[in-house]
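Have a look at the structure below before the remarks.
Model, not experiment: these values are computed from the prediction. Labels below follow one simple rule: chain letters A, B, ... track the order of the sequence lines, proteins then strands, and each chain is numbered from 1.
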Protein chains: 2
Amino acid sequence: MSVVRTMSTQPSPVESRRIADAVRAQILAGDLPPGARIKQDEIAAELRASRLPVREALRILESSGLVVLKANSGAWVAEMTLADLRMSYTVRERIEPLLLLDSLPRLDEADVARLHELQERIEEAADVEHFLVLDREFHWLTYSRHSSPQLAQIVARLWDTTQHYRRTFAAMAGSQGSWTIQAEHRLLVDAIERRDGETAESVLALHIRRTSVELSRHPEIFTAGR
Amino acid sequence: MSVVRTMSTQPSPVESRRIADAVRAQILAGDLPPGARIKQDEIAAELRASRLPVREALRILESSGLVVLKANSGAWVAEMTLADLRMSYTVRERIEPLLLLDSLPRLDEADVARLHELQERIEEAADVEHFLVLDREFHWLTYSRHSSPQLAQIVARLWDTTQHYRRTFAAMAGSQGSWTIQAEHRLLVDAIERRDGETAESVLALHIRRTSVELSRHPEIFTAGR
DNA sequence: TAACGTTCGAATGGATCCATTCGCAAGAAA
DNA sequence: TTTCTTGCGAATGGATCCATTCGAACGTTA
């Protein structure tokens with residue numbers, strides 16, 4: 001019995017981490033929207049584990065800001081207010097350029113080529129889900145050569161906690177077709193290709209700020225699924 | 001038996017959270033320096049709990065960046081490099097002014113009076129520990145009326161993970177006697193008192209940046225206790 | 001009929017027990 | 001003498017069992 005389990009998890013990524021990743025993936029995919037109840041038993045049965053590592057995983061996700069725990073009561077996917085979302089974008093506007101500046105000098109030709117390819121695919125993206133996946137891959141590729149796991153983690157958590165609202169916004173406003181995003185992305189790739197850190201920094205800050213402004217114009221994002 | 005435990009923890013703050021707070025306090029106090037091994041058994045015995053909530057607490061602290069876990073091996077207090085420390089300060093320089101701007105309009109006269117009092121006590125601080133406690137209280141009072149738990153948590157974690165190195169620096173450079181810090185604090189209180197957000201923002205950014213520069217001049221901080 | 005209290009059930013929290021793994025030390029061989 | 005191997009022990013990881021708590025539904029009373 002235990003042999004089977006040991007064999008199934010070859011590199012042994014520790015159950016609690018495996019489960020935390022799985023639940024996080026479900027939340028990011030939209031399967032568990034903000035406000036959704038998370039039952040330990042269900043997760044445990046679903047991922048073939050006991051409730052113990054599930055509990056540890058929930059503590060991890062709570063620290064990440066994705067989940068809210070209430071003592072002796074249960075776990076729910078964290079919800080945000082419009083003010084929370086706007087603050088997230090304000091913080092992102094100030095720190096993501098830092099991450100980009102840190103990563104930029106080490107991006108090589110292959111990375112830049114891949115950025116061009118991703119951007120073309122983003123412009124051709126047919127639906128919201130493809131746009132979200134490609135956009136995430138695009139920006140994280142620009143950050144991929146960073147040297148600061150701490151900063152990268154902060155940024156990643158800001159992306160994670162706002163993912164659901166970005167999806168809702170994209171679905172409502174049809175933002176994958178927004179020409180402004182495409183223009184900003186092209187300016188960003190161009191600056192990166194020229195290793196022009198200052199311009200890249202400015203474009204990225206603009207990109208985030210403008211998105212934040214657009215989001216603020218759609219407060220109905222928060223009442224969509226009610 | 002279980003009755004005794006129930007009675008002892010009156011508001012029932014959940015064991016894992018109580019333990020996480022306790023271990024965090026030990027790390028911040030310097031009792032557990034970076035690199036120190038953390039054994040589950042010892043913590044459990046010390047805090048009169050089983051190993052289970054200790055494990056959960058360690059997962060929480062790992063997510064906070066204070067502890068590093070290695071599968072099937074153990075837990076250690078997280079260590080930083082000089083590059084990590086500098087990046088922490090760069091991030092702080094960009095986001096702490098945001099937290100201050102958010103909090104400033106709601107600071108009342110009593111808060112300002114307390115800031116004056118704290119600043120006087122900081123200038124009279126005799127030793128490093130007093131300086132650290134008072135300085136932390138001073139700055140967090142300026143943030144206390146914030147409306148963004150997310151941002152406050154990010155900032156708090158940056159303070160936590162760098163606490164040990166700030167202590168080491170203060171002890172080596174005798175920074176509690178630095179007149180520059182006192183000048184910056186006074187400028188900050190003055191701007192806050194006048195509700196001058198722009199000036200307060202600039203002074204705080206300067207305060208953090210200058211501290212970062214000073215820290216960078218003392219790389220021996222990282223080899224002090226070796 | 002509405003509001004309050006009580007009871008029961010389901011879900012979470014914690015403790016103990018067992019399996020697994022990693023590191024260290026001792027010993028043997030080159 | 002140095003290096004590789006092997007075995008033992010200690011510490012972590014996971015599963016099951018039991019206690020506790022919160023919430024909802026039902027019944028009672030004003």
Check your understanding: Counting side-chain heavy atoms from CB outward, which of D:dA15, C:dG14, D:dC22 is closest to A:L52?
Key -> D:dA15
Review point. So what does A:I19 hit on the nucleic acid, given a heavy-atom distance under 4.0 Å: a base, only sugar-phosphate, or nothing?
Key: nothing
Check your understanding: Under the 3.5 Å rule, do the base of D:dG14 and the side chain of A:R51 count as making a donor-acceptor pair?
Key -> no
**Study point:** All ring pair (Phe, Tyr, Trp, His ring centres under 6.0 Å) counterparts of A:Y89, not counting sequence neighbours
**Key:** none
Exercise for review: Please identify each residue that fulfils side-chain hydrogen bond (donor to acceptor under 3.5 Å, both in side chains) with A:D111, with sequence neighbours left out.
Suggested key: A:R145
Review point. Taking only residues two or more places apart in sequence, or in another chain, which ones meet B:E117 in a salt bridge (Lys or Arg N to Asp or Glu O under 4.0 Å)?
Key: B:R114, B:R121
Point to revise | Stretch residues 56-64 of chain A: residues that reach within less than 4.0 Å of DNA chain D through a heavy atom | key: none
Check your understanding: What is the nucleic acid contact for A:R37, judged by heavy atoms within less than 4.0 Å: base, sugar-phosphate only, or nothing?
Key -> sugar-phosphate
Review point. With respect to the side chain of B:D41, which nucleotide from C:dT12, C:dC22, D:dA11 is positioned closest?
Key: D:dA11
What does the list of N/O pairs under 3.5 Å between the protein and nucleotides 7-10 of chain C look like, with a distance for each?
none

Review point. Looking at residues at least two apart in the chain, or sitting in another chain, which of them share a salt bridge (Lys or Arg N to Asp or Glu O under 4.0 Å) with A:R210?
Key: A:E184, A:E214
Review point. Would you say C:dG13 has OP1 or OP2 under 4.0 Å from some side-chain N or O of A:K70?
Key: no
Practice item. Report the residues that fulfil ring pair (Phe, Tyr, Trp, His ring centres under 6.0 Å) with A:H130, sequence neighbours left out, ordered by chain and then residue number. Key: none
For residues 147-158 of chain B, which side-chain donor-acceptor pairs fall under 3.5 Å, sequence neighbours excluded?
unit_1, atom_1, unit_2, atom_2, d
B:S147, OG, B:D102, OD1, 2.9
B:S147, OG, B:D102, OD2, 3.1
B:S148, OG, B:L151, N, 3.2
B:R157, NH1, A:S63, O, 3.1
B:R157, NH2, A:S63, O, 3.0

Review point. Under the 3.5 angstrom rule, does the side chain of B:T90 hit a backbone N or O of B:R86 as a donor-acceptor pair?
Key: yes
Practice item. Report the nucleotide, chosen from D:dG14, C:dG13, C:dA11, that has the shortest atom-to-atom distance to any side-chain atom of A:V14. Key: D:dG14
**Study point:** Pairing residues for A:H207 by the ring pair (Phe, Tyr, Trp, His ring centres under 6.0 Å) criterion, not counting sequence neighbours
**Key:** A:H139, A:H185
